[in-house]
> 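Questions regarding the structure given below will be posed in turn.
Below, each value reflects all heavy atoms present in this structure, side chains not excepted, and no hydrogens, waters or symmetry copies. The first residue in the sequence is number 1, and the count goes up from there. Values in this document were obtained by computation on a predicted structure and should not be read as measured data.
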Amino acid sequence: MYSDCITFTEYTGNISHICFRDFDFTSVCSQRAIIDVVNLLFLSVFCFSLFISWIRKIPPSDSNCGKGWIFKVGSLCCAFISITYFSNGLWNFIAKTGEFHTLNWLISIIRGLIWISLTISLLIQRYKWMKILNFIWWVFSCTLVSALNIEIMFKHQTLHYFYIVQWPLHLLLVFCAFQNLGYFVSQHISETTIYEPLLVQETESSRTFLSKLTFSWINPLLSFGYLRPLALEDIPSLVPEDESHSVYQKFTHAWDLLLRERNMMSNTKNLVLWSIVKNHLKDNLIIATLAFLRTISLVLSPLILYAFVNYTNHSEQNMKDGLCIVGFLIISKLVESLSQRHWFFNARRSGMRMRSALMVAVYKKQLKLSSLAKRRHSTGEIVNYIAVDAYRMGEFPWWFHSTWTSALQILLGVGVLFSVVGLGALPGLVPLLICGLLNVPFAKVLQKCQTEFMTAQDERLRATSEILNSMKIIKLQSWEDKFKNLVESLRHKEVECLGEAQFKKAHGTFMYWMTPAIISSVIFLGCAIFQSAPLNAETIFTVLATLRIMAEPVRVIPEALSVMIQVKVSFDRLNTFLLEDEIQNDDDHVIGNEIQNSANNSIEIHAGNFSWGQELLSPTLRDVNLEIKWRQKVAVCGPVGAGKSSLLCTILREIPKISGSVSVGGTLAYVSQTSWIQSGTIRDNILYGKPMDITRYKNAIRVCALDKDINCFIHGDLTEIGQRGVNMSGGQKQRIQLARAVYNDADIYLLDDPFSAVDAHTATVLFHDCVMTALREKTVILVTHQVEFLSEVDKILVMEGGKITQSGGYEDLLTTGTAFEQLVNAHRDVINGVDQSNENQVEPEKTDSDQPEESHGFHPMKDESEAEISTKRQQLTQEEEKEIGDVGLQPFWDYIFISKGSLVLTLMLLSQLAFVALQAASTFWLALAIEIPKVTSAILIGVYTTLSFLCVVSVYLRAFCAAYLGLKASKAFFSCFTNAIFNAPMLFFDSTPVGRILTRASSDFSILDFDIPFSINFVAAGGIELLTMIGIMASVTWQVLIVAILAMVASIYILSYYQSSARELIRINGTTKAPIMNFTAETSLGVVTVRAFNMVDRFFQSYLKIVDTDATLFFHSNAAMEWIVLRIEGLQNLTLFTAAFLLVLLPKGHLTPGLVGLSLSYALTLTQTQIFLTRWFCSLSNHIISVERIKQFIHIPAEPPSIVETKRPPSSWPSKGRIDLQALKIRYSPNAPLVLKGITCTLKQGNRVGVVGRTGSGKTTLISALFRLVEPASGNILIDDLNICSMGLKDLRMKLSIIPQEPTLFRGSVRTNLDPLGLYTDDEIWKALEKCQLKATVSNLPKLLDSSVSDEGENWSVGQRQLFCLGRVVLKRNKILVLDEATASIDSATDSILQRVIRQEFAECTVITVAHRVPTVIDSNMIMVLSYGELVEYDEPSKLMETNSSFSKLVAEYWSSCRRNSSQNISKQQH
């Protein structure tokens, strides 16, 4: 034992004149003297440099660095040590002890001076040269001190506590030195550049080799994120080769080549797969090389272990041999670490490129999809191709390379086993082969479960998407329970498949962990039987280390095969979609930019036959012959279902052509019958990607009667429009569409019934100011039911039964009779009814006719309108909410407590503890038992096998608990989520894009289903195993604890540094996926408009940008992940290297070979365990954000309860149908202006009440209040003397019937759309169809009532959809009926028939009719006129007509616009 290691003074001094006199470089005192001399030299340079800087008054280069808390703590510790040295030196000098004569007091004073100078150097960091000097000084000093301490520990197995205290402080100085150079520290960032992308200028070529090797190029981003929470603007852009445009171009080039080859050779290979292979083969060969290097270096570990144990067994140890083994270990670990990190990073980068290419390919295909193909792939399914199938490619390369490297690792492991134990390894191959063969049926079972799960998920998401898009009608009809049960039943099927897959994985876990236990036991038995190798430490621990590196591949291979199966399914789905039919691009269907100079006709169709579907018995349009000249105004009229909209689709190339030719010259603008509005501002929707021309823009707004609406919006034309225009009235959406077309300045305008959603006066203004004046130089085809405008057009096409039955001018068609005459006569009958009521109002009407603009004096949007319902003082659609900063363990506890999984989690942790304890016991048994002669091979193997089997049972219980916990959480969260969504108020759906909800319902729940439970499982397992490993290593060589603890502390610090940025990256990434889904869904719904305006390229470019934004987050998240793992791996490798050095330097016989093998076998897997733990901990931190996002929607405020037991109305309520409005005031949020301003009136039982007013006057808001879609701010609504605000919503809404402004159908059949709840017989349904004029149409369909209705009823015209809605209310026959523009999309003749049916069927009911057509409300008992949200008139129509009332003006406007047509019609007939 070292004799000088007794007293403190001996330690603090220990340099005497004897030491200098008998100087020996190998002695401890001489080495300490060298360290002190080196420190004094650095101290002299530091003081001299500081003095020179002070004399020259050099300005500081950076006065802010070095002021962190770590520096301050370090300086305090240094000061404490210096005080200790000074105190000891002064005591020896004053007391004149024995140490006085050896000058040890002087040495203490010098060391105190050195430590106080270190204190000053920590606090003064003003110059760049000073930081460099300090870096060299601190690192050099730490290296020398560490080397000396390690030497003392090896020679004397002890180290004085005072030096133990100083050693970590030296390491802290090294850490501070690196911080001075910009590592592990947030850098100051100027506020002026805070929103500029940090690395936007950096390219792949500008990064140095070292920065690429160590991922240091991402340091600025992590530093920025450590300083403050990252925002999307802070994230650097992708390098060009990673951008979606670049990767898509390569994909489409390969796709085209393969498609031509396929057409020539008629092969059936998957073109998507081979296009990906062709484009990414080179990248993946590099990845394969890295994966191969990692595999080789990993397999070397057992051989190095064998060499170590063999080295310790030799009687004569050569230090050079030991150091060579350590050198091999260091090289192999460095190669393993760097190759694995770059394999993982480049694999995911390649996957990102594949993902982006496929996402863009799917979107591009959707822009070209034919109508037949679109019917086969709903909007929800197309979104799913992107959200699920394309997204899966992000991980595909990683799993692909993991599959073959795992197989290679197993083969190499078998080779190592044979090289170590010879024939004894042969019996071990039997269980290995058995387990390998069992993977095949197991993988097939998983494939079946996965396919069933994906099918069930697709069906649920399709239904969810449809429900969310139609939530308003669901709430109005009180169908929430029905559709919620539908979603839950679909989810139940999904969870069944999920549960089967997860529990099979748990069963598989038993087999996978059983494999190494059985194989090791069998190999040991083989060694004992064949005597091929002795059962000593070398053999046993080399075998265990080899099997340990084989265990991971055995576990990974089935999972990898499962993922590869999922990928194959995704490839097949994508291939099927990308090979679908595209819109026809026939040579004879020309759309060009030639103007009238090129031809006499702008549109020509010759002998055209067209059909929407092959299943139809006859073509949709037959024998179409049409010629339209330039600048002609052509009107198309006819009854519902005649084929008017289909005729426009022939010009747009949307309907498949059977025969004939179509020629179109010039650019097109299209206004669809169902308004298609993008999320964004009003200005964005009108400009539609065109540059701003202020004159043309103002003119478009004026001629489309939008100027007054825009002036009333708080944000003007910058008002945000919600998804699908939810915060705009029907008329406003239609006029925005029209303004978009006018501003586009096209040659040909196709207008599909644009006046149906506006009142008569606005329709007149639009027709004259827009169609006839602003578009006077354009060719216009106008589909309309407004017969009053037909006399002013150049040509009229009358359609019936899919044919153009008549064509010509107004006067010509009147003389020929038949279909056109019937339309005009029906309109004339209506006008005569109006005229009779209006005969006392000729003069006012004349005045309005002469000066139509005067009627604008009665405009309803002077103040606040329902169009502005949700704009309030802020925009409707707000930026998606996300958590900021560290929310701690709250999401994790939410996951546990909401799922009520505390007990399951506890059992899982206990199982893991049992597993680790039994595993440690089995290895300790081997290490100790081989040194006991009395223990036979049979006992050795038997005890080991028993303990290993118990380990496997424990790990199976752990996996089972994890799967069960995941299922409980999946069910609990989905139940809460579904309840919250279906109970949410309508305002939530108006202000929340459907994509945000769908993202949570799809990708976030996929993470909740699959990733989080096993992430929790693996984090718990990794953490416990890591601590156990360090404990076992410390039990053999306790000195390793010093490095291990420091490495753990440093790892925790670096992990917290990394998480500051990584957490925000994942959160931001959660908000970048929803816009992709929203944009895809929006484009799918409006693809006809996009193609008509020739805006495909603009939409495509916009999509590329949002895909790149999402990919940027994915890329930097993965880079940050590899950054952290590389550094933590390096720190844990230090622990491994320290353990190896200790084992080499230990004196002979200090440890048994068994304990050496035990310690090193655990040390070799320490790094892998730390990586495993770090990766899964980071994954869990990232995945748990999905819990945050789902929880946000679980806690949205709910609307009032569906049933209030104490306030339930009688079953016969309402028996009369009387409605009392008492001072009713409505606002849409607490701080918003009033939309309805104190309406008081009584709607008597059995009365027909017409509600009129300009667009946005509050009509729809009144209806919303009646159904309690919005709760009154004050006032009451009484029905039969019961306050509807006190009863449950279901009790109220089930007793009211409504036909909404926008007809809604659901995917299914005719029967399920008329009777979703299954309450009526077929006979009752047929009678309802007959009354709403649909019986003939349905009777001609092959499947009658079971005939299909596609997504949103796209295979039925808008008019027919409205008739379906009429059929629903005819079936229900409630006492109160609301018609909200119920007949806006049908012709006058059908309208009059339906009004008669309604009068007959609902003769004793209270009917509230909101309408723009005066004939629809003229025969009402009472008329309610709204303006500015106020009730301005409420009286009988006859009385209102006798005065100069607002209603009389409305009637006069309508009558004046129709009068000329009526008079011409009468005169022609008389002639």
Side-chain angles (χ1 to χ4, degrees), residues 442 446 449 495-517 551-552 554-555 558-559 888-923 946-976 1005 1007-1029 1031-1032 1169 1172-1173 1175-1177 1179-1181 1183-1184 1186-1187 1190-1191:
F442 188 74
L446 282 179
C449 294
V495 170
E496 281 184 347
C497 301
L498 173 68
E500 188 177 356
Q502 298 294 68
F503 284 121
K504 278 189 168 49
K505 285 182 182 179
H507 298 324
T509 302
F510 179 82
M511 180 178 69
Y512 306 142
W513 282 96
M514 195 69 186
T515 303
E552 182 67 13
V554 171
R555 185 189 67 80
E559 190 175 355
L889 294 174
Q890 188 57 48
F892 173 78
W893 294 126
D894 289 336
Y895 180 83
I896 299 301
F897 292 138
I898 291 177
S899 60
K900 298 179 181 177
S902 305
L903 178 61
V904 182
L905 178 65
T906 304
L907 289 173
M908 187 177 78
L909 293 175
L910 290 174
S911 300
Q912 176 60 25
L913 286 170
F915 166 72
V916 170
L918 289 165
Q919 190 179 50
S922 65
T923 51
T946 303
L947 291 172
S948 297
F949 180 76
L950 293 174
C951 279
V952 175
V953 172
S954 299
V955 83
Y956 168 73
L957 290 174
R958 187 195 74 190
F960 183 87
C961 290
Y964 187 66
L965 176 64
L967 281 180
K968 279 176 69 72
S970 294
K971 292 176 182 177
F973 272 90
F974 191 82
S975 177
C976 295
F1005 265 103
I1007 290 172
L1008 196 79
D1009 292 340
F1010 288 103
D1011 298 322
I1012 292 181
F1014 286 100
S1015 295
I1016 293 173
N1017 180 17
F1018 293 145
V1019 166
I1024 294 171
E1025 284 185 31
L1026 184 68
L1027 293 175
T1028 305
M1029 285 178 176
I1032 290 173
T1169 304
F1172 178 84
L1173 174 61
R1175 184 169 290 279
W1176 279 107
F1177 179 78
S1179 296
L1180 178 60
S1181 300
H1183 292 151
I1184 209 73
S1186 291
V1187 174
I1190 293 170
K1191 188 186 167 191

> Within the supplied structure, the quantity of interest is the number of heavy atoms (other residues, nucleotides, ligands) at a distance under 6.0 Å from Phe949 CZ; does it exceed 12?
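Atom CZ in Phe949 is not crowded, with 12 or fewer foreign heavy atoms closer than 6.0 Å.
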
> Looking at Cys497 and Cys449, what are the two nearest heavy atoms and their distance?
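Scanning both residues, the minimum pair turns out to be CB-O, 3.9 Å.
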
> So, taking the atom named SG in Cys961 and the one named CD1 in Ile1016, what distance separates them when rounded to the nearest 0.5 Å?
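Nearest 0.5 Å value for the SG-CD1 distance: 12.5 Å.
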
> Is any side-chain heavy atom of Trp893 closer than 4.5 Å to a side-chain heavy atom of Val1187?
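A side-chain contact under 4.5 Å is absent here.
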
> Can you name the closest pair of heavy atoms from Lys971 and Val495 and give their distance?
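Heavy atoms only, the tightest pair is CE-CG1, 3.6 Å.
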
> Hey, what do you get for CZ (Phe915) to CD (Glu1025), rounding to the nearest 0.5 Å?
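Spacing of CZ (Phe915) from CD (Glu1025) equals 5.5 Å.
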
> Scan Leu913, Thr923, Val955, Leu950 and name whichever one has a side-chain contact (heavy atoms from CB on, under 4.5 Å) with Leu918.
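Looking at Leu913, Thr923, Val955, Leu950, the match for Leu918 under the side-chain contact (heavy atoms from CB on, under 4.5 Å) is Leu950.
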
> Taking atom NE2 of His1183 and atom CZ of Phe1014, what is their separation to the nearest 0.5 Å?
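His1183 NE2 to Phe1014 CZ: 13.0 Å, rounded to 0.5 Å.
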
> I'd like to know whether the aromatic ring centres of Phe503 and Phe960 sit less than 6.0 Å apart in this structure.
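Yes, they do, as the ring centres are separated by less than 6.0 Å.
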
> Can you check whether Phe1010 reaches Gln502 side chain to side chain, under 4.5 Å on heavy atoms?
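Yes - at least one pair of side-chain heavy atoms lies under 4.5 Å apart.
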
> Determine, stepwise, if the pair Phe1172 / Phe1018 fulfils ring pair (Phe, Tyr, Trp, His ring centres under 6.0 Å).
CA-CA 8 Å; Phe1172 178 84; Phe1018 293 145; 5.5 Å; yes

> Ser970 side chain to Gly966 main-chain N or O, any donor-acceptor pair under 3.5 Å?
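Side chain of Ser970 to backbone of Gly966, a donor-acceptor pair under 3.5 Å: yes, one is there.
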
> Ignoring hydrogens, what is the shortest heavy-atom contact between Ile898 and Cys976? Give both atom names and the distance.
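That would be CG2-SG, 4.4 Å.
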
> Which distance, rounded to the nearest 0.5 Å, do you find between the CG of Asp1009 and the CZ of Phe974?
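Rounded to the nearest 0.5 Å, the CG-CZ separation comes out at 9.5 Å.
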
> Which heavy atom of Tyr964 sits nearest a heavy atom of Val904, and at what distance?
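Heavy-atom minimum between the residues: CD2-CG2, 3.7 Å.
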
> Got a second to check how far Leu905's CG is from Lys968's NZ, nearest 0.5 Å?
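Here the interatomic distance stands at 12.0 Å.
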
> Return the minimal non-hydrogen interatomic distance between Leu1173 and Gly1023, and the atom names on each side.
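Closest approach of Leu1173 to Gly1023: CD1-N, 3.5 Å.
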
> For the atom pair CD1 (Ile1012) and OH (Tyr895), what is the distance rounded to the nearest 0.5 Å?
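The CD1 atom of Ile1012 sits 6.0 Å away from the OH atom of Tyr895.
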
> Can you tell me if Ser899 uses its side chain to pair, donor with acceptor, with the backbone of Ile896 under 3.5 Å?
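Such a contact is found between Ser899 side chain and Ile896 backbone.
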
> Heavy atoms only: give me the nearest Ser911-Leu957 pair and the separation to one decimal.
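For Ser911 and Leu957, the tightest heavy-atom pair comes out as OG-CB, 3.5 Å.
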
